[in-house]
Amino acid sequence: MGMTMTQKILAAHAGLESVQAGDLIAARLDLVLGNDITAPVAIDEFRKAGFGQVFDKEKIAIVLDHYTPCKDIKAAQLCKKARDFAREQQLTLFYDVGCVGIEHALLPEQGLVGPGDCIIGADSHTCTYGALGAFSTGVGSTDMAAGMAAGENWFKVPEAIKVTLKGQLNRYVTGKDVILHLIGCIGVDGALYKSLEFTGEGVASLSMDDRFTIANMAIEAGAKNGIFPVDEKTLEYVKGRYKGTVDVYEADPDAIYESEVVIDLDQLEPTVSLPHLPSNTKKAKEVKGLHIDQVIIGSCTNGRISDLRAAAEVLKGRKVAPFVRCIVIPATQEIYMQSIEEGLTEIFINAGCAVSTPTCGPCLGGHMGCMCEGERAVATTNRNFIGRMGHAESEVILASPYIAAASAVMGAVALPEGLEVK
Amino acid sequence: MISGNVIKYGDNIDTDVIIAARYLNAPSPEEMAKHCMEDLDPDFVNRVQPGDVMVGGANFGCGSSREHAPIAIKASGISCVIADSFARIFYRNAINMGFPILECPEAAAKIQNGDKVSVDFASGVITDLTTGETFQAKGFPEFIDNIIKNGGLLKYYKAKLDN
């Protein structure tokens, strides 16, 4: 019986010839990830259960990215717990303020994840690494603790939805629009317990950054993972970067899919998700003019260099509208530096943006841009649930960096096309 | 076997409304429980009684991977959650920490807010004591049942590694 990409990776890591949807397996892990919110809970559980040493000090990544630089005393205590553990266990993949980046931008950039890997992370957006042809999924803290101790964990082999991409994206249309459109089509539980396997000739036209953005939000459709085939762009990206062995898994021609969704990239337009669900999508032009108070450009979804380039393209020579805050957050130190070297940071500052050190901060209403009641943001982040960016009566509209930057200029939802040059 | 009053919510109850990120740095489950469901139902913490049963619709617990969500629900006094379906990370988290959850679309649809229900975990039978109706929840696969019977995932792996 044919297997999907996900099923092949899981079979290989379980030491099995083949698996099929529904099988419960124990799979070997190539990397276990946690952050400053989830790792401390995992560390407590690890100790409480009586484990002494982690299974491999080079395969556990702890990334202090959510509340850092620490927003308050409690956050500092959580970070200290993670830091003390990393020191005690001599973890080689520990990232603290000064070298930290948003975990799902940082790990691929640093070459810690690659094609064919099996990865769990105590953060729901761990599914991002599927862009590289890895099986990668978000779990909770107890799962992280088990992974740290045993180097393996249990999985139910998922069935798959085949997402066939055709054509190529038009100007100002990005990976963000692809994934928002898909979530709008299938719903926030449209891929519950399943994998989203992207395929088709349209994949080749997507940049790696677009693929990261798409795989990143697979969880927003309820998916266990999202995964892309490995092609020349993937191999180019991991070359000289990825430290492991590249294992390329292709879906069998007779792989079984639960269903198929076809997306014609040529037909896509800039798309936004209105409050309070990522599936509440509209074409951006349909909500043009909706008043906003804040713009966030960053996050694990859209804080990469091509996202900053897109935002800078729109903001160059323009100003953020009066009474609107625009906060730009490069996702890693490397991206931050690149943004400076390419002159993007200068464009942002000249436009009246605040440029922050890497942090998840405002995406989850942690810090660096919380909103009060009645305020509304356009954000390049991934969730617009009630209270996500602050007060329960604040609102988040999810969008691409192009739409976010244009909206910052206009003080209302706007498209970059036809934006008045000032 | 447990019994309690039902507090019912709709579809797509996400982990941000179960416990908002601003409380994720709370030092204890009890502290988190004080803010459970706050952004959706501020009165929940005043109404909930020990043993009460939470009933949700489809995709319960969607969103972030925060284990703080089932921790906060459990610490608020809720004895189990019945839903049409669970988001997968919430599902894993609940099993791994030994917090009872039951998937039962029929029960989730028919049981009303304020009903009194009983749940027999061994058989998976849910009884709405207010209406007299009974429902059969989906059973757990043997592997997962073993994790629950062993007292959670870490005890399972501790025993495995010690051998």
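What you see below is based on every heavy atom in this structure, not just the backbone, and it leaves out hydrogens, waters and symmetry mates. Below, chains carry the letters A, B, ... as their sequence lines are ordered, and counting in each starts from 1.
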Distance check, rounded to the nearest 0.5 Å: I219(A) atom CD1 versus S65(B) atom OG? 8.5 Å

side-chain contact (heavy atoms from CB on, under 4.5 Å) between E45(A) and N96(B), worked out: CA-CA 11 Å; E45(A) 294 299 318; N96(B) 289 345; over 6 Å; no

Under 4.5 Å to a heavy atom of chain B? For E152(A) that would be both

What heavy-atom pair brings A150(A) and Y157(B) nearest, and what distance separates the two atoms? CB-CD2, 3.7 Å

Approximate separation, where rounding is to 0.5 Å, of D39(B) CG and H276(A) NE2: 10.0 Å

Interface moiety of R383(A) toward chain B, non-hydrogen atoms closer than 4.5 Å: side chain

Max heavy-atom pair count under 4.5 Å with chain B, selected residue of A146(A), S141(A), A49(A), A392(A): S141(A)

So, taking the atom named CG in L192(A) and the one named OG in S85(B), what distance separates them when rounded to the nearest 0.5 Å? 5.0 Å

So which of T15(B), D11(B), N12(B) has the biggest tally of heavy-atom pairs under 4.5 Å with chain A? N12(B)

Segment of I386(A) engaging chain B (4.5 angstrom heavy-atom cut-off): both

Atom group of F155(A) that falls short of 4.5 Å from chain B, counting heavy atoms: both

Which pair of heavy atoms, one from R388(A) and one from R66(B), lies closest together, and at what distance? NH1-NH2, 3.6 Å

To the nearest 0.5 Å, atom CD1 of I37(A) lies from atom CG of N25(B) at 8.0 Å

Might you work through the side-chain contact (heavy atoms from CB on, under 4.5 Å) test for L154(B) and F46(A), ending with a clear yes or no? CA-CA 8 Å; L154(B) 294 182; F46(A) 181 90; 5.9 Å; no

Nearest 0.5 Å, what's the CG-CG distance between L24(B) and D36(A)? 10.0 Å

From CZ (R92(B)) to CD1 (I120(A)), nearest 0.5 Å: 7.0 Å

Y91(B), part contacting chain A, at a heavy-atom distance under 4.5 Å: side chain

Select one option (side chain, backbone, both, neither) describing which atoms of D72(A) are under 4.5 Å from chain B's heavy atoms. side chain

Which residue out of D189(A), L277(A), L364(A), T126(A) racks up the most heavy-atom pairs below 4.5 Å with chain B? D189(A)

Interchain contact, V188(A) with chain B, by part (heavy-atom threshold 4.5 Å): both

Okay, side chain of D16(B), backbone of F385(A): is any donor-acceptor separation there less than 3.5 Å? no

Can a donor-acceptor pair be found, under 3.5 Å and without considering hydrogens, that links the side chain of E67(B) to the backbone of T142(A)? yes

Contact winner vs chain A - G152(B), G63(B), P27(B), heavy-atom pairs under 4.5 Å: G63(B)

Any chance NZ of K158(B) has more than 12 other-residue heavy atoms, nucleotides or ligands included, within less than 6.0 Å? yes

For K71(A), which atoms come within 4.5 Å of any heavy atom of chain B: side chain, backbone, both, or neither? side chain

